[in-house]
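The structure appears right after this line, and notes come after that.
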There are 2 protein chains.
Amino acid sequence: MGRRSSHTAEELRELILDASTMLISEGGLASLSAREVARRIGYSPGTLYNVFENLDDLILTIEGRLIDGLAAELDQVLSIGSPKEKALALGRAYIKYTSEKPKLWNLLFEHHLPAGREVPTWYQQKIDGIMERVESAIAPMMPDSKPEVIKRTAQVLWAGVHGITSLATADKLSIAKSEGAGPLVDNLIITYLAGLKQGS
Amino acid sequence: MGRRSSHTAEELRELILDASTMLISEGGLASLSAREVARRIGYSPGTLYNVFENLDDLILTIEGRLIDGLAAELDQVLSIGSPKEKALALGRAYIKYTSEKPKLWNLLFEHHLPAGREVPTWYQQKIDGIMERVESAIAPMMPDSKPEVIKRTAQVLWAGVHGITSLATADKLSIAKSEGAGPLVDNLIITYLAGLKQGS
DNA sequence: TTTCATGGGACGTCGTTCGTCGCATACGGC
DNA sequence: GCCGTATGCGACGAACGACGTCCCATGAAA
């Protein structure tokens, strides 16, 4: 066939990412296949490998965009309010973002690199960015605490919110359905923060 | 070939489950394949389908055994202590159990039934059994609370513990490594329970 | 003319199905 | 009680249509 160039390299990249994202949001990671993506964009499977190293590379790119999207949502919510209100807003924003496209967000936890391969640096940095936002939101509540304590508090809160969302979405462990996750997250944040204030 | 009968039906079933469990604990769900299991037990792939309906059936059976194993661990820990001590013990038992074979436990969250298929009743019941243990452990702490409140409290605590374990194991979201999950879980339970007491 | 994006075949993998084969057992005749 | 045959059924393994990935001849763009 030869150079067709109906799309530039960047266009092709977006085409692939869009089709892949759509496939995953519809049927989860299992629905993603190089051949199906190629079919949908009207190229052959081999062409994907001119743009991405392999499917893992493609998937990691999508994961990166998901984290970026969450970070943007969190920023929108962090401009005003007391620390406690910010913490609540962060939890609610997480629920909102992840429940809009649960299959897509679940990608972050369904997908694992093959044994021995590590996530790239940029990926870990994006994740660190999320945690930093949580830390800076709650830091004013604990002015006398050491940074490690603040960090640990942020980790516990964040992991707790994630756990509720994750179990609710997967419908596992007898957690109420997704619309019930909101109250649980509020309850966790309010009660945990109350315990923090009292405990110190 | 014909009937070989070097193993009874039950022996064969155990053989298959053992080999599959080993494969998953070593390399995660991705390492499980009907052909590899058959290879390891010295049978042909087709034979697996005399014993299990398909791979999902096989996987669900392994998941069931995992939940049973956790339930047994929780029971061992629930015999003595104050409610608060029991709650802490439950969290620590969860961490201990899941961190012994992380890839295996992760199966519960990596594996999804194909679209449209629901988990069998016995599966949901096993999961309900776990939640009931948590509820009955913390119920004495909240004698004046309505059952729904106790249930919600158990859900929040349990999901929180799961979230910490999950993110620590997957090494995602900047949570400290696995050995660091213990302190985080303790912190969550102690602080959340303190907030509960104060809030009421 | 040179370059290089692209198509598409090839390889080895997978889950699953199913016709076939032959062992273990049950039964018949003696 | 024994032997030979018939039957039932467990296991095999080829076959099918998928999959990820690689590779290179091709032919359009530069």
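Every chain is numbered from 1 and lettered A, B, ... according to where its sequence line falls, protein lines coming before strand lines.
Distance B:Ile41 CD1 to D:dG10 P: 15 Å, rounded to the nearest Å. Atom NE2 in B:His7 sits roughly 16 Å away from atom C1' in D:dC12 (whole-Å rounding). Put simply, CD on A:Glu36 is 14 Å from C1' on D:dG17, counting in whole angstrom units. The interatomic distance linking A:Leu32 (CG) with D:dT21 (P) rounds to 10 Å, in whole Å. The separation between B:Arg39 atom CZ and D:dA11 atom P is 19 Å, rounded to whole Å.
Judged purely by atom type and a 3.5 angstrom limit, B:Arg133 uses its side chain to pair as donor or acceptor with the backbone of B:Gly129. Of the possible polar contacts, none joining the A:Lys103 side chain to the A:Gly27 backbone as a donor-acceptor pair under 3.5 Å is found.
Two residues are said to be in side-chain contact when any heavy atoms from C-beta on lie closer than 4.5 Å; B:Ile67 and B:Tyr123 meet this criterion.
Taking every heavy atom of residues 47-61 of chain B and every atom of DNA chain D, pairs under 4.0 Å involve B:Thr47, B:Asn50, by number. Proximity of residues 110-120 of chain B to DNA chain D (heavy atom under 4.0 angstrom from any strand atom) is not detected for any residue.
Distances shown here put a side-chain N or O of B:Ser33 below 4.0 Å from the OP1 or OP2 atom of C:dC14. Contact check, A:Arg35 against C:dC14: no side-chain N or O comes under 4.0 Å of OP1 or OP2.
Separation of atoms NE2 (B:His7) and CG (B:Leu15) is listed at 5.0 Å; rounding is to 0.5 Å. Between atom CG of residue B:Asn106 and atom NE2 of residue A:His112 there is a gap of 4.5 Å, rounded to the nearest 0.5 Å. Note that CD1 of A:Ile24 is 4.5 Å distant from CG of A:Leu32, once rounded to the nearest 0.5 Å. Note that CG of A:Leu90 is 12.5 Å distant from CD1 of A:Ile95, once rounded to the nearest 0.5 Å.
For the helix from C:dT1-D:dA30 to C:dC30-D:dG1, the axis fitted to the five pairs at one end and the axis fitted to the five pairs at the other end meet at an angle of 10° (nearest 10 degrees).
By the rule that hydrophobic residues join a cluster once side-chain heavy atoms approach within less than 4.5 Å of another member, B:Val119 and B:Trp122 end up as members of one cluster.
In B:Met22, the CE atom is not crowded: 12 or fewer heavy atoms of neighbouring residues, nucleotides or ligands sit closer than 6.0 Å.
Looking at every heavy atom in both residues, A:Ile189 comes nearest to A:Gly91 through CD1-CA, 4.0 Å.
Using a 4.0 Å cut-off between a side-chain N of Lys or Arg and a carboxylate O of Asp or Glu, B:Glu36 and B:Arg40 qualify as a salt bridge.
Among the protein residues, A:Arg13 comes within range of no part of the nucleic acid, since none of its heavy atoms lies under 4.0 Å from any strand.
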